Amino acid sequence: MSLFNNNRDGAYSDGELRAVEHSVLGGRRILWAGVLAVLLPLAILLGLQYWWLADLERNSAIARKATLDNYLETITKEVHYFYWKISERALNLPPEIFTDEGIKKAGYYFKKKEIVGAKRLFVVSYKTKHSIYFFDPETQKMVAPDFSEETVAVWAAASPWAYLRKKGAKIETTTLSVDQHDPSNRIILNPITDENWKLVGLAGIIIDQEIFEKKVLPKAITASLPKFEGEEKDELLVVVRDGQKRQILPHGEAANPKNDRVRRTFNFVFTDWSISLQGDFATPEKWARANFALNMTLSAVLAAVLLGGIALTVRTALREMNLSAMKNEFVSNVSHELRTPLSSIRVFGEFMRRGRVTEPEKVREYGSYIETESRRLTQLINNILDFSRIESGRKVYTFEAADIEEILAGTLSTFSYRLRDKGFDLSYHGPDEPLPEIEVDANAIDRAVANLLDNAVKYSDGDRRIVVDLAQDGNEAVISVSDHGIGIPRDQQERIFERFHRVSTGLVHDVKGSGLGLSLVRHIAEAHGGRVRVSSEVGKGSTFTIRLPIERDTGEKQ
Ligand code: ADP
C-alpha cells in the first residue's frame, strides 16, 4: 500500500480524526457482530448435536441389543434347519412299506442315507405284527423293539397318533412333529399317510444329544458369527444351558446368568434349552455411551478448531484495523510535520525577500530558522523514503570499512549546530581506546543516530541534557543516546520499534511524529547484524543503545 494515498496537501482536522476513530470503532462493532453471527449458530449446532447424539445413544443401545439378539436368532435357526433337514432326508418313507413284507425294506431306505445327529431311527407301523421297528445300523435291518427307555419314549410319542388313527382321522397336512417328554430321548416324527390321507405309520429319529452338544451347536455358533456385525466378535461368550439350567457350553468356568446380555430359547428341538450372550465387551449401553463420547469429542475438537480459526481471523482483522488507524494517524501527523515548517519557511523567506528585516542579527536568525526547518524536512522525507524502500524490499545498504567515531562526530556536529540556540546540552563520551574500523553503511548509521537524537530532543520535556556515548564491548561497538525526558512506559518499550507505533499517553500526545523513526533504527541495526534496545523510566528519561558487531561478513546487503 502506498504511504502517500492521501493526496490532500493539508493535515487532517480534529473532526476528521474523530471520524477515523469512529469508523474504526464501528468496524470493530461489525466485526464482533460477525463473530457472534458465527458463534451463535455454532452453539445452536453443538446443542442440536448433543441432543441428537443423546437420542442416538438411546437408540443405539436398542439397536445394539437387537444386533446381539439377531446373532442368537441365527444360531437357533441354524439348529432348527439342521434337524429339519436330516428329518426330511431320513423320514420320507413311502406308505407301501408299512406292511409285514414292506417293513423289511425300511432298512434299505435308512441305510441309503447317512444321517448324522440321530441316535436311533425307527418306524411305527399300524398294520404289522410289531408296531415299533428300530433300524440296526450294524445289520442294516429293521429289528423288533427291546425294553429300553428309547422304546418307551417312542411309545409315548406315538400314542397320540395311534389315537388319531383309531378315530380314522384324515391327516391332510403332514408335517414333522417333535416329542420331548423324555429329555434324554427327544424324538422327531414324520407321519406317513396313504392316498386317502389315512395314517399308515410314523418314521422317526431319536436325537443324539452328544452330537448336538459337540457338533451341531458349535458349528451353528461359528457359522453364524460372520453374520454378526459387531467389532467385539472375539469377546463374545455364547452360553448354552439345558432345561435344568445346567451349563452345557462353554465347558469349564461357570458363566453367571446375571451377566447374560440377551437370551433366547431354541425353537424346534431342545426348546427347553436356552442360549445367551455374555462378554466383558461393552454393554449396549456402554457401547452407545462410548460412541457418544467419541462423537462429542470430535465435535468439541471441530468447534475448538473453528473457534481458533475465528480467533485468528479476529486478531488479524483487529491488527489490520489498528494498522489502518495508525496509518491514518501517520498521514495526519506527516502532513502536519510537513506543513508547519513549510509555512514558517515561506513566511520567513517572504519577510527577507520584501526587505522587511534589515538588521543582520534578524537576518541571521531567520536564515538559521529556515535552515533548521529544512533539515527537519529532509530528515522526515528521508525517513519516509527509507521506509517506503524497506516496505517494498528495495532498500540497499552499502557496507564499507569506516571509523564509527568519525561518523558520529559528523552527526553530532550537525545537531549541535541545530541545538545551539535551544538550550540543549549535548555531550559526547568517546571510547577509551580507538575502535577498529567497522564495515558499515555510514549514511544509514548517521540516519539512525540522527533519529535517536531527534527523539531525544522531541521528547526531552524540561531537562535538556543529552548524552551520546561510544564504547567497545567485546566484539561490539556500542552507541547510546540518553536523555532526561518524559521516558517510555515499560509495556510500550518493545512496541515503539514497530512501524507507526507511537505512545499515546501522557506528554507524548502533544508531540507530532510519524512513528517511523525507531522502526528504521531497528531495521538499520539489524541490517548490520546488530540490535537496538531501550531502557527507560517514565519521567526520568530513556537510553537507546545500538550494538553493532565489529567483525562480520562484508559486502552489499539488501
Ligand atoms: P515518532 O517520534 O515520529 O513518533 P519514532 O518511531 O521515532 O516515531 O518513535 C516512536 C515512539 O516512541 C514515539 O512516538 C514516542 O512515543 C516514543 N519515543 C521515542 N523516543 C523517545 C524518547 N527519547 N523519549 C520518550 N519517548 C520516545
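Residue numbers start at 1 and run along the sequence shown. None of the values given here were measured: they were computed from a predicted structure. When a ligand or atom number is given, it counts from 1 through the structure's own listing order.
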Asker: Quick check on contacts: which atoms of ligand 1 are under 4.0 angstrom from a heavy atom of G487?
Answerer: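 In order of number, 25 (C).
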Asker: If the cut-off is 4.0 Å to any non-hydrogen atom of K458, which atoms of ligand 1 fall inside it?
Answerer: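 Those of ligand 1 that fall under 4.0 Å from K458 are 1 (P), 2 (O), 3 (O).
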Asker: Does NZ or CZ of R356 lie under 6.0 Å from the centre of the six-membered ring of F351, at an angle within 45° of the ring axis?
Answerer: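 Verdict for F351: no cation-pi partner in R356.
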Asker: For G517 and ligand 1, does the shortest N/O to N/O distance drop below 3.5 Å?
Answerer: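 Such a contact does occur with ligand 1.
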Asker: Any nitrogen or oxygen of I486 lying under 3.5 Å from a nitrogen or oxygen in ligand 1? Just yes or no.
Answerer: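 Checking ligand 1 against I486, no N or O pair falls under 3.5 Å apart.
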Asker: I need the minimum non-hydrogen distance between S344 and Y369, along with the two atoms involved.
Answerer: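 Nearest pair, atom of S344 first, then Y369: CB-CE2, 3.7 Å.
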Asker: Please state which part of V503 comes within less than 4.0 Å of ligand 1, counting heavy atoms only: side chain, backbone, both or neither.
Answerer: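 It is both parts that get close, each with some atom under 4.0 Å.
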Asker: Quick check: G515 and ligand 1, any N/O pair under 3.5 Å apart?
Answerer: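 Indeed, backbone or side chain, G515 has an N or O that close.
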Asker: Are any of the N or O atoms of S519 closer than 3.5 Å to those of ligand 1?
Answerer: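 So ligand 1 has no N or O lying under 3.5 Å from an N or O of S519.
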Asker: Does F497 come within less than 4.0 Å of ligand 1, judged by its heavy atoms?
Answerer: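 No heavy atom of F497 comes that close to ligand 1.
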Asker: Backbone, side chain, both or neither: what part of S542 comes under 4.0 angstrom of ligand 1, heavy atoms only?
Answerer: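 Side chain only; the backbone of S542 stays clear of ligand 1.
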Asker: Checking side-chain hydrogen bond (donor to acceptor under 3.5 Å, both in side chains) between R447 and each of T411, N383, D386, which is the one that passes?
Answerer: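 For R447, the side-chain hydrogen bond (donor to acceptor under 3.5 Å, both in side chains) check succeeds only for D386.
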Asker: Counting heavy atoms only, which part of H501 comes closer than 4.0 Å to ligand 1: side chain, backbone, both or neither?
Answerer: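 It is the backbone that gets close, since no side chain atom is under 4.0 Å.
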Asker: At a 4.0 Å threshold, what atoms of ligand 1 neighbour a non-hydrogen atom of D483?
Answerer: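 The list of qualifying atoms is 22 (C), 23 (N).
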Asker: Answer yes when E391 and R499 have at least one side-chain N-carboxylate O distance shorter than 4.0 Å, and no when they do not.
Answerer: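 A salt bridge is present here (some side-chain N lies under 4.0 Å from a carboxylate O).
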Asker: Indicate whether any N or O donor in one side chain lies under 3.5 Å from an N or O acceptor in the other, for E361 and Y366.
Answerer: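 E361 vs Y366: no donor-acceptor pair found between side chains.
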Asker: Would you call R495 and E498 a salt bridge, using N to O less than 4.0 angstrom?
Answerer: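 Salt bridge: yes.
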Asker: Is N451 close enough to touch ligand 1? Criterion: a residue heavy atom under 4.0 Å from a ligand atom.
Answerer: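 N451 does not count as a contact of ligand 1 under the 4.0 Å cut-off.
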Asker: Measuring centre to centre across the rings, with the benzene-like ring taken for any Trp, is F399 within less than 6.0 Å of H528?
Answerer: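 Yes - the distance between ring centres of F399 and H528 falls below the 6.0 Å cut-off.
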Asker: Under 3.5 Å, is there a donor on one side chain and an acceptor on the other for D483 and S460?
Answerer: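 No.
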Asker: Using heavy atoms and a threshold below 4.0 Å, how should the contact between L516 and ligand 1 be classified: side chain, backbone, both, or neither?
Answerer: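 Under 4.0 Å from ligand 1, L516 contributes backbone atoms alone.
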Asker: Are a donor atom and an acceptor atom from the side chains of T545 and S480 found within less than 3.5 Å of each other?
Answerer: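 There is no such pair (donor and acceptor under 3.5 Å, judged by atom type) between the side chains of T545 and S480.
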Asker: At less than 4.0 angstrom from any non-hydrogen atom of R502, what atoms of ligand 1 do you find?
Answerer: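 Listed by number with element, the hits are 1 (P), 4 (O), 14 (O).
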